[in-house]
A.B. asks: 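The structure's right below; bear with me while I get my questions together.
These values consider heavy atoms only, across backbone and side chains, with no hydrogens, waters or symmetry-generated copies. Residue numbering restarts at 1 for every chain, and letters A, B, ... go by the order of the sequence lines.
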2 protein chains.
Amino acid sequence: MRSGYLKESTFWSHGFLLETCMGQQAITTMQHDYDVYEDRCPTRLVLDRVADKWAVLILDRLQDGPVRFNHIRRAIKGISQKVLSQTLKKLERDGLISRAVFATVPVTVEYALTPLGRTLTETVSTLVHWAERNMDAVLAAQRSYDEGRVAVETPGPSTAPLRAEMAPRVGFEPTTK
Amino acid sequence: MRSGYLKESTFWSHGFLLETCMGQQAITTMQHDYDVYEDRCPTRLVLDRVADKWAVLILDRLQDGPVRFNHIRRAIKGISQKVLSQTLKKLERDGLISRAVFATVPVTVEYALTPLGRTLTETVSTLVHWAERNMDAVLAAQRSYDEGRVAVETPGPSTAPLRAEMAPRVGFEPTTK
DNA sequence: ATCATCTAGTTTCCAAACGAAACCAATGGA
DNA sequence: TCCATTGGTTTCGTTTGGAAACTAGATGAT
């Protein structure tokens, strides 16, 4: 699955990038000159993992300590076992969470944040809380969009959208390239 | 697509929740007692929108002011027109960005953050920068996972995981499978 | 002895989404 | 007329998502 990227290992070899994704930088002695806006940059894969609905919910849930598999499943209502299993495996592979198996009566598997994963929890938590705090605003915007198509602030799209930042419409070069 | 949720409109009616998702709270005079851990909670939809690779890249790109369609497309290398168009439309519907059409020589369409969307940019930017900053650590974790299966930091996952929720295990040992 | 239950997953299968490329419409210039 | 630009939509094959069923090991109940 990731092999499609790994085939291009001449581009991205073990954390050191060669040509693209940082352009004019020197090759040696670099640490994190990745550019997530560049295609085939490994940061895209991380972003794909981290910018995921289930992943952020899982990471948020693990904030208060290790949690068992079925515990997470019951906490995040609606998640399927398959998706939970897959997401946990990916997060573990990326070093964000750890997996510990205990030979208890029925087997116990605990998932916990790694130090690396813990550096993300604040952002993740903010994201989750943002959704809860701004839910009403989003719902209002959706209603406004669906009925009437007239935005809250703009009277009409093409009529005369004299936005503050767009004042000099005449002689305005679209800053192409 | 969203009709599956809207069919349950007795549950979620216009921003006010009735039974689930807040349980023992009063129905009237509530503002944001949403629970993203509850299934069929509208916050799940917002999280689905916001916790998306392309959406965070777009929001991050719009931080410095309005950007045209093809400008975004060229900036976020690898994004397809279809996905860009779809994501922009969804973000606009949710009130995170605005769309302004100008009747210029070739038509100009500018996308910009709304005040609501601007409240997310810091978190989004953090997420993107996290990916760039911790890329090497993730790559190292992936290698460690793929070859050997032994975690970098933990020889045995949580040597003494005596957590409150865990039943007292007799002679437990983290069998790393 | 067999059934039921708990654990933590995997497998199956179908629908939904993704993504690359082609296509569309409007307009102006060579 | 042909081409280039704008901002999209459509098509179609591949990939992913998700609900439900199934696996498997150990234990307790009937």
A.B. asks: Rounded to the Å, how far apart are A:Ile58 CD1 and C:dG9 C1'?
C.D. replies: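 Result: 14 Å.
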A.B. asks: What nucleotide among D:dG7, C:dA8, C:dT7 has an atom nearest to a side-chain atom of A:Arg99?
C.D. replies: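 So the nucleotide nearest the side chain must be C:dA8.
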A.B. asks: Assign each of B:Ser85 and A:Gln86 to its nearest nucleotide of DNA chain D by heavy atoms, then name whichever residue's nucleotide is nearer the 5' end.
C.D. replies: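 The residue mapped nearer the 5' terminus is B:Ser85.
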A.B. asks: Taking 4.0 Å as the cut-off, does a side-chain nitrogen or oxygen of A:Trp54 come that near to OP1 or OP2 on D:dG18?
C.D. replies: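 Answer is yes, contact under 4.0 Å.
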A.B. asks: Where each residue is assigned the nucleotide of DNA chain D containing its nearest heavy atom, which of A:Val105 and A:Lys82 is assigned the position nearer the 5′ end?
C.D. replies: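 The residue mapped nearer the 5' terminus is A:Lys82.
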A.B. asks: Rounded off to whole Å, could you give me the NZ-to-P distance for the B:Lys89 and D:dG8 pair?
C.D. replies: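 Computing the B:Lys89:NZ to D:dG8:P distance gives 8 Å.
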A.B. asks: Would you please name every residue forming a side chain to side chain contact (heavy atoms under 4.5 Å, CB included) with A:Glu122, sequence neighbours left out?
C.D. replies: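 Checked A:Glu122 against side chain to side chain contact (heavy atoms under 4.5 Å, CB included); zero matches.
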A.B. asks: Without hydrogens or angle criteria, can the side chains of B:Asp136 and A:Tyr34 be said to hold a donor-acceptor pair below 3.5 Å?
C.D. replies: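 Yes.
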A.B. asks: Roughly how many Å is it from CZ in A:Arg40 to C1' in C:dA20, rounded to a whole number?
C.D. replies: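 In whole Å, C:dA20 C1' and A:Arg40 CZ are 15 Å from each other.
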A.B. asks: Looking at B:Arg74, does any N or O in its side chain come under 4.0 Å of the phosphate oxygens OP1/OP2 on D:dT6?
C.D. replies: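 B:Arg74 to D:dT6 OP1/OP2: side-chain N or O found under 4.0 Å.
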A.B. asks: Calculate the interatomic distance between B:Glu92 atom CD and D:dG8 atom P; express it in whole Å.
C.D. replies: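 Going from CD in B:Glu92 over to P in D:dG8 covers 9 Å.
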A.B. asks: Could you give the CG-to-P distance, from A:Asp39 to C:dG19, as a whole number of Å?
C.D. replies: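 Going from CG in A:Asp39 over to P in C:dG19 covers 10 Å.
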A.B. asks: Side chain of B:Asn70 only, please: which of D:dT6, C:dA20, C:dT7 is the nearest?
C.D. replies: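 Of the candidates, D:dT6 comes closest.
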A.B. asks: Can you tell me the distance, in whole Å, between the CD atom of B:Gln81 and the C1' atom of D:dT6?
C.D. replies: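 Result: 10 Å.
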A.B. asks: If I take atom OG1 from residue A:Thr43 and atom NZ from residue B:Lys53, how far apart are they, to the nearest 0.5 angstrom?
C.D. replies: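 Between A:Thr43 OG1 and B:Lys53 NZ, I get 10.0 Å after rounding to 0.5 Å.
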A.B. asks: Name the closest nucleotide to the B:Val83 side chain, picking from D:dG7, C:dG19, D:dG17.
C.D. replies: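 Nucleotide nearest to B:Val83's side chain: C:dG19.
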A.B. asks: Among D:dG7, C:dG19, D:dG18, which is the nearest nucleotide to the side chain of B:Val107?
C.D. replies: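 Comparing D:dG7, C:dG19, D:dG18 against the side chain of B:Val107, the answer is D:dG7.
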A.B. asks: What is the distance, to the nearest angstrom, from the CG atom on B:Asp48 to the C1' atom on D:dG18?
C.D. replies: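 Result: 13 Å.
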A.B. asks: Would you please name every residue forming a side chain to side chain contact (heavy atoms under 4.5 Å, CB included) with A:Gln86, sequence neighbours left out?
C.D. replies: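 If we apply the side chain to side chain contact (heavy atoms under 4.5 Å, CB included) test to A:Gln86, skipping adjacent residues, the hits are A:Lys82.
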A.B. asks: Let's see if you can work this out: which of D:dT9, C:dC6, D:dG18 has an atom nearest to the side-chain heavy atoms of A:Lys53?
C.D. replies: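 Nucleotide nearest to A:Lys53's side chain: D:dG18.
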A.B. asks: I'd like to know if the side chain of B:Thr87 reaches the main chain of B:Val83, judged simply by a donor and an acceptor atom lying under 3.5 Å from each other, with no hydrogens or angles considered.
C.D. replies: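 Pair found, side chain donor or acceptor close to backbone of B:Val83.
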A.B. asks: Could you tell me the separation between the CZ atom of B:Arg73 and the C1' atom of C:dG19, rounded to a whole number of Å?
C.D. replies: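 Checked: the CZ to C1' distance equals 13 Å.
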